[in-house]
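Inspection log for the structure reproduced underneath, given as structure tokens.
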Amino acid sequence: MNNAVNFTPVTVNFPTRGGCTDTPVLRERGQREVFCGLTGIIWLHRKIQDAFFLVVGSRTCAHLIQSAAGVMIFAEPRFATAIIDDRDLAGLADANDELDRVVARLLERRPDIRMLFLVGSCPSEVIKLDLGRAAQRLHHRFAPKVSVLNYSGSGIETTFTQGEDACLAALVPMLPEQSVQAAPQLMIVGTLADVVEDQFQRFFSAMGIGPVVSLPSRRSTELPSVGPTTKFILAQPFLGDTARALEARGAQRIAAPFPLGVEGTTLWLSAIAAEWGVDQSHFDATIAAARDRAQMAVARCRATLEGKRIFFFPDSQLEVPLARFLSRELGMQTTEVGSPYLHRQHLAEELAMLPEGTVLSEGQDVEAQLERCRAASPDIIVCGLGLANPLEQEGFTTKWSIELVFSPIQGFDQAADLAELFQRPLRRRALLATGRTAVEQAPGETAR
Ligand code: SF4
């Protein structure tokens, strides 16, 4: 039997048109309720294990990242804030001198730091502190032991997940040049939890796909190279600037839906397998067990979620892939799907799979959107922390979008956990309603 005769390469079979491809987008430019890009430090510092993030900002910035980090107590945290004080703001002190002193002290005290990010904030922008030049100056001073880079996480320029995009885009110029003769390599772009990355790596090894590198890498000393033989795939939908910077260095993007849910994960992996010419039956056999297990686990969540109406406020830019997963695999009805920014090209496959009739909005005018939300009267609302409490008080069930970024949700083994994140608030609301009913009922009556 000649194997070559039976070889059928994987072909991608996701739509690129239809669904919501041509749905007009409601563009809003009003007041918004979204975290700034500093929030990304919380997951980025966990991923790049020898990097340090120094926010050049105010007490508010320090407070934000500390409270976003929750109750995590670090013996040696890998983020901090260099506070711009009143003297700096009044122009009485040279903020550059102060910054150089803070950095020198930090690097002396923490010889484990190999990469230092100076992260811009609203105050550093207001006083027009040129962090690009500061990073260059400090990079020369501390190279080669420490690389110093900068990006902006300010609320004026970035929302929430855009902080990661800015950070990774700042890393791209640091990546070594890949030789044109080098074998094609796959680059996974976007922070994934280590456990998810390891699961994907096992599939790639089993299918003979490699070498595989990640951006960001777990250590700054292991930055991947990049060049014309690099094919990259986004693991997150909010990395427009990073993708552009990689393309400018010759890398080519593999288009695919995002690896959320069973369907998204299968299509994401199949797009990679197709590029590497993997045999279809080998691909199917490699993923079969994990996919079947995930399908069964997701099906168990369907009973609670099917037919429920969901409304997304713009927050993480994960909204479109999430809506696709929830509507197609769990039978939820999407009312409005809001996103801070809709990247038409990177979301083309996702939009094509979104049910027709979904309202798409980009940007925010929070009061107008609250009105639309109340009118839609959804069963569950995905929104930021600032909106969740008032909406709960109005009787709505909410899900904090920040949790969806902090939790490992990509891949087969996490598909049911992702569905569970939406089930939980509905269950809690149902329990509260039952409890209230029991209290309100006359003695002897049974709660429904
Ligand atoms: Fe607030 Fe701006 Fe600091 Fe973010 S960067 S915490 S929006 S002051």
Side-chain angles (χ1 to χ4, degrees), residues 28-46 51-72 74 77-91 93 95-96 98-99 102-103 106 116-135 148-170 191 238 241 313-317 338-341 363-367 369 383-390 400-403 405-406:
E28 298 196 305
R29 296 287 177 265
Q31 192 198 327
R32 37 179 217 190
E33 289 274 345
V34 189
F35 279 129
C36 64
L38 294 188
T39 328
I41 292 172
I42 305 306
W43 61 91
L44 285 164
H45 91 275
R46 283 191 214 154
F52 194 99
F53 294 79
L54 184 65
V55 177
V56 184
S58 63
R59 286 194 166 71
T60 310
C61 308
H63 196 69
L64 173 98
I65 46 170
Q66 258 154 29
S67 46
V71 289
M72 290 186 290
F74 298 97
R78 280 186 296 102
F79 55 82
T81 308
I83 307 277
I84 297 174
D85 62 21
D86 295 344
R87 274 164 40 84
D88 301 314
L89 288 169
N96 278 299
E98 301 265 330
L99 183 61
V102 170
V103 168
L106 173 70
L116 174 68
F117 288 99
L118 304 179
V119 188
S121 66
C122 303
S124 70
E125 269 177 35
V126 168
I127 63 163
K128 304 229 178 303
L129 185 56
D130 188 342
L131 286 184
R133 284 184 56 187
V148 184
L149 292 85
N150 77 292
Y151 71 90
S152 172
S154 107
I156 302 168
E157 287 194 355
T158 58
T159 63
F160 196 11
T161 48
Q162 271 178 302
E164 174 170 346
D165 191 20
C167 173
L168 299 192
T191 302
F238 42 75
D241 287 352
F313 278 85
D315 216 50
S316 64
Q317 291 190 46
S339 183
Y341 178 62
Q364 193 167 40
D365 178 352
V366 72
E367 288 306 326
Q369 197 169 29
C383 60
L385 296 170
L387 290 176
N389 279 348
W400 294 349
S401 49
I402 197 166
E403 241 187 292
V405 181
F406 285 178

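Remember, it's 1-based here, ligands and their atoms both numbered in the order they're listed. It should be emphasised that the depicted structure is a prediction, and the values quoted were computed from it without experimental measurement. Position 1 is the first residue of the sequence; numbering continues from there.
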Is it true that [Y] and [X] share a donor-acceptor pair across their side chains at a distance under 3.5 Å?
{"X": "Q369", "Y": "Q364", "value": "yes"}
{"X": "T159", "Y": "Q162", "value": "yes"}
{"X": "Q317", "Y": "S339", "value": "no"}

Smallest separation among heavy atoms of R29 and G363, with atom names: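 Looking at all heavy atoms of both residues, the shortest contact is NH1-CA, 3.6 Å.
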Could you name all protein N, O or S atoms found under 2.8 Å from atom 2 (Fe) of ligand 1?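 Listed by chain and number, the atoms are C122 SG.
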Qualifying residues under salt bridge (charged side-chain N to carboxylate O under 4.0 Å, His left out), relative to D241, sequence neighbours excluded: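 Partners of D241 by the salt bridge (charged side-chain N to carboxylate O under 4.0 Å, His left out) criterion, ordered by chain and then number, come out as R244.
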Please check if the distance between the ring centroids of H45 and F53 is under 6.0 Å.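 When the ring centroids of H45 and F53 are compared, they turn out to be at least 6.0 Å apart.
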